[in-house]
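To start, the structure under review is shown below, and the notes come after it.
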Amino acid sequence: MQIFHLTPKDNIQNILNCIDKPATIYLSAGIYRQKTEIKADNVTVIGESRETTIITYGDYARKQHADGKEYNTFRTYTLCISGENVTLKNLTVENSNTDPQTVGQCVALSVNAKRFYAENVNLKSTQDTLFLAPFPDDLVVRYRGFIPENQLYMDGTSLHLFKNCRISGTVDFIFGGAEAYFKDCEIISLHEKRGTGYIAAPCHHLVQNGGFYFINCYLKNGGADENTVFLARPWRDFGKCAFIDCRADGHIRPELFDKWNDTERDKTARFSFYNLNCAVPPEPVGWCGQLTEKQASDIIDNCNRKFTENNR
């Protein structure tokens, strides 16, 4: 096991590039203004605290890359995870841009791995804060040669776990095709100048049983206008998500879900909920499902089992 103790004066990427065995990196309090990718497997990064240990950068989709092309959403990350079995604890990952309507999408954390775990982590941006691979098939084809292969292609499915995390944004700020569990998290909707906000934008394949699961989360108003935020909209036809035992402030729209503009994804999206404690009583769209107590219990049991297995 390799162990490193770093301060904001150190270059995290230089250390990561030298790792060739399981490693733990301890980050002291401070601001790390660094764009970073963790390519190595079995790396744990632990901050002094999530309020005082901050990895931040400011790339954005309309910025021009060295190759002459715009960055596009998927090159804007502050931190990219492409190694397997990476763990983050007690820190903040931030994309410092706050004006997506002008500069475009701005990703804070991009997880391009099959197995990932985060605990007590703060993820901050506006539009597209957190990306959870795999990509939709059509984007794998479109972006080949544009996005590095290790950040683009994934054979099979992925499992990403988030516990006691705080994730903030405005539009589609949790998106992708992973099987992902958000347990005891704060999901914070910020003010969206363009009007409507969306928390999740899943793009799962029909053959995937797992989707995005928000369990015992607080859907918090961090500045959004009242009655302006949907829980989710399907980024691709068969996107899947469920909100279970969550409470929500008055920014959540009573319809709960949106079908995505002028598409017909309401016919294929797999969205559901159970025991939502909303400030505004829900009047959910007819195409979403209300889970039974047994269905919700099975998902919670499955979630707890996956967290237990991960922490052995």
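All heavy atoms count here, side chains included; hydrogens, waters and symmetry mates do not.
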Is a donor on one side and an acceptor on the other found under 3.5 Å between the side chain of [X] and the backbone of [Y]?
X	Y	result
Gln64	Gly68	yes
Glu94	Tyr57	no
His160	Phe182	no
Asn97	Asp99	no
Thr24	Ile3	no
Arg265	Trp235	yes
Gln34	Ile12	yes
Gln295	Thr292	yes
Thr170	Gly197	no
Gln105	Thr73	no

Heavy-atom distance under 4.5 Å between the side chains of [X] and [Y], does that happen here?
X	Y	value
Lys89	Val45	no
Val229	Tyr198	no
Ile215	Ile300	yes
Trp287	Arg270	no
Asp128	Thr76	no
Thr52	Ile54	no
Asp266	Val285	no
Ile31	Arg33	yes

Ion pair [X]/[Y], N-O distance below 4.0 Å:
X	Y	result
Glu51	Arg166	yes
Asp225	Lys193	no
Glu309	Lys306	no
Lys35	Asp59	yes

Closest contact, heavy atoms only, [X] versus [Y]:
X	Y	value
Leu91	Val93	CD1-CG2, 3.6 Å
Cys165	Ala118	SG-O, 3.7 Å
Cys241	Ala232	SG-CB, 3.6 Å
Ile19	Phe4	CG1-CE1, 4.0 Å
Phe173	Thr126	CB-O, 3.6 Å
Thr228	Gly195	CB-O, 3.6 Å

Does a donor on one side chain sit under 3.5 Å from an acceptor on the other, for [X] and [Y]?
X	Y	answer
Asp245	Asn216	no
Arg305	Asn302	yes
Arg194	Gln127	yes
Tyr181	Glu179	yes
Asn95	Tyr60	no
Ser272	Gln290	no
Asn304	Lys183	yes

Interatomic distance, [X] atom [atom1] to [Y] atom [atom2] [nearest 0.5 angstrom]:
X	Y	atom1	atom2	answer
Cys106	Lys63	SG	NZ	12.0 Å
Met1	Thr44	CE	OG1	6.5 Å
Leu276	Leu231	CG	CG	6.5 Å
Asn14	Leu6	CG	CG	10.0 Å
Gln101	Thr98	CD	OG1	8.5 Å
Asp237	Cys203	CG	SG	11.0 Å

Pick from Leu123, Ile55, Leu109, Thr36: which one makes a side chain to side chain contact (heavy atoms under 4.5 Å, CB included) with Thr78?
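Checked Leu123, Ile55, Leu109, Thr36 against Thr78; only one passes side chain to side chain contact (heavy atoms under 4.5 Å, CB included): Ile55.
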
If the test is side chain to side chain contact (heavy atoms under 4.5 Å, CB included), which one of Val111, Asn150, Asp41 qualifies with Ser82?
Asn150

For this output row, return yes or no: ring centroids of [X] and [Y] closer than 6.0 angstrom.
X	Y	answer
His204	Phe212	yes
Tyr71	His65	yes
Phe243	Phe273	no

List in chain and number order the residues that pass side-chain contact (heavy atoms from CB on, under 4.5 Å) with Asn164, two or more places apart in sequence or in another chain; answer none if no residue qualifies.
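Counting only residues at least two positions away or on another chain, Asn164 forms a side-chain contact (heavy atoms from CB on, under 4.5 Å) with Asn120.
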
Contacts of Asp249 that satisfy side-chain contact (heavy atoms from CB on, under 4.5 Å) - sequence neighbours left out:
Tyr218, Lys220, Asn221, His251

Working for side-chain contact (heavy atoms from CB on, under 4.5 Å), residues Val43 and Leu16:
CA-CA 9 Å; Val43 173; Leu16 289 168; 4.3 Å; yes

Within a 6.0 Å radius of atom [atom1] on [X], are there more than 12 heavy atoms belonging to other residues, nucleotides or ligands?
X	atom1	value
Glu149	CD	yes
Arg62	CZ	yes
Lys124	NZ	no

Establish, yes or no, whether the cationic atom of Arg75 lies under 6.0 Å from the six-membered ring centre of Phe146 and within 45° of the ring axis.
yes

ring-ring contact (aromatic ring centres under 6.0 Å, His included) with Phe131: of Tyr77, Phe116, Phe175, only one passes, and it is Phe175

Quick check on side chain to side chain donor-acceptor pair (under 3.5 Å): which of Thr263, Asp138, Asp137 does Arg236 satisfy it with?
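So, applying the side chain to side chain donor-acceptor pair (under 3.5 Å) to Arg236 and each of Thr263, Asp138, Asp137, only Asp138 qualifies.
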
So which pairs with a foot in residues 107-116 pass side chain to side chain donor-acceptor pair (under 3.5 Å), sequence neighbours left out?
Ser110-Asn112

Tell me whether the rings of Phe257 and Phe271 are parallel (<30°), tilted (30 to 60°) or perpendicular (>60°).
tilted

Give the intermediate values and the outcome of salt bridge (Lys or Arg N to Asp or Glu O under 4.0 Å) for residues Asp184 and Lys163.
CA-CA 6 Å; Asp184 305 329; Lys163 182 179 180 180; 5.9 Å; no

